[in-house]
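Here the structure is laid out as structure tokens; the discussion comes afterwards.
Keep in mind that this is a model prediction, so the values were computed, not measured.
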Amino acid sequence: MIILRTFYIFKISKEFKVITKDKPYNLYLALDNIHSMNTDELNLAYKLFDEICDRPDVKKLNLSVFNTLKDSDYYIKFNNNHLINNYYTTENSKLTINRSYLKIKSSLNNPTFFKILKSIPNLFVIDFSSKDYFWLS
């Protein structure tokens with residue numbers, strides 16, 4: 001049975017990057033609190049999220065990932081979903097580019113998509129179920 005990890009990637013505003021660069025736990029706590037808010041607190045969650053995070057440029061990001069991987073035999077793209085199925089490295093990863101965050105489901109702890117996204121500044125990765133978090137860039 002393959003266990004997939006789910007990574008949520010947020011583009012953090014420059015101001016919050018400066019404040020939390022050396023203390024990523026505080027940023028993790030803020031995003032985890034937003035993630036676990038009740039539906040009756042939705043307006044507050046949106047306001048907090050907009051203060052902390054910038055929106056990724058979906059078109060530009062889709063094009064960048066596609067251009068990087070388009071010649072790979074293990075790569076498939078459909079709309080905002082990018083898939084890698086590499087039987088030699090046992091990688092099975094899916095990157096979904098949403099308007100407010102990116103989501104990677106992967107059979108690996110260090111999926112190929114991390115290497116591609118690393119050049120984008122201020123990206124913060126969280127695996128909420130494993131309570132794992134780190135700066136990607």
Donor-acceptor pairs are to be reported for all side-chain atoms of residues 128-136 against protein atoms at under 3.5 Å, with residues two or more places apart or in another chain.
unit_1	atom_1	unit_2	atom_2	d
Ser129	OG	Asp127	OD1	2.9
Ser130	OG	Asp127	OD2	3.2
Asp132	OD2	Arg5	NH2	2.9

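Surrounding NZ of Lys60 are at most 12 heavy atoms belonging to other residues, nucleotides or ligands under 6.0 Å away. The neighbour count for Glu41 CD, taken as heavy atoms of other residues, nucleotides or ligands under 6.0 Å away, is above 12.
Closest approach of Ser93 and Pro111 over heavy atoms only: OG-CB, 3.6 Å. Nearest approach of Asp54 to Lys14, heavy atoms of both residues: OD2-N, 4.3 Å. In terms of heavy-atom proximity, Asn122 sits nearest to Ser137 at N-OG, 3.0 Å. The nearest pair of heavy atoms linking Pro56 to Asn98 is CG-O, 3.8 Å. Contact between Thr89 and Leu108 at its shortest, heavy atoms only, is O-CD2, 4.1 Å. Counting all heavy atoms, side chain and backbone alike, Lys94 lies closest to Asn81 at CE-OD1, 3.3 Å.
A 4.5 Å side-chain heavy-atom check between Ile12 and Leu31 finds at least one atom pair inside the cut-off. For the pair Met37 and Tyr46, the minimum side-chain heavy-atom distance is 4.5 Å or more. Put simply, the side chain of Leu27 does not reach to within 4.5 Å of the side chain of Lys21, judged on heavy atoms. When side chains are defined from C-beta on, Ile104 counts as touching Leu117, because their heavy atoms get closer than 4.5 Å. Put simply, the side chain of Val18 does not reach to within 4.5 Å of the side chain of Glu15, judged on heavy atoms.
Side chain of Lys77 to main chain of Asn79: a donor-acceptor pair is present (N/O by atom type, distance under 3.5 Å, no hydrogens or angles). In this structure, the side chain of Lys17 does not engage the main chain of Lys11 through any donor-acceptor pair within 3.5 Å. Side-chain N or O atoms of Asp32 include none that pairs as donor or acceptor with a backbone N or O of Tyr28 at under 3.5 Å.
Here the rule is side-chain contact (heavy atoms from CB on, under 4.5 Å) with Leu102, and of Leu61, Thr96, Val58 only Leu61 fits it. A side-chain contact (heavy atoms from CB on, under 4.5 Å) with Tyr74 is found for exactly one of Leu69, Asn86, Asn92, Thr112, namely Asn86.
Atom CG in Asp50 sits 10.5 Å away from atom OG in Ser13 (nearest 0.5 Å). In this structure, Glu91 CD and Ser107 OG are separated by 6.0 Å, a value rounded to the nearest 0.5 Å.
Ring-plane geometry between Phe66 and Tyr75 is classed as tilted, the angle between the planes lying from 30 to 60 degrees on a 0 to 90 degree scale. Relative orientation of the Phe49 and Phe10 rings is perpendicular, given thresholds of 30° and 60° on the angle between their planes.
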#### Entry: Intermediate values then yes/no, ring pair (Phe, Tyr, Trp, His ring centres under 6.0 Å), Phe124 and Phe16
CA-CA 11 Å; Phe124 191 70; Phe16 266 87; over 10 Å; no
### Task
Apply side-chain contact (heavy atoms from CB on, under 4.5 Å) to the pair Phe7 and Phe114, showing each step before the final yes or no.
CA-CA 10 Å; Phe7 300 99; Phe114 282 173; 3.8 Å; yes
#### Entry: Worked verdict on Asn80 versus Asn62 for side-chain hydrogen bond (donor to acceptor under 3.5 Å, both in side chains)
CA-CA 7 Å; Asn80 293 342; Asn62 271 316; 2.7 Å; yes
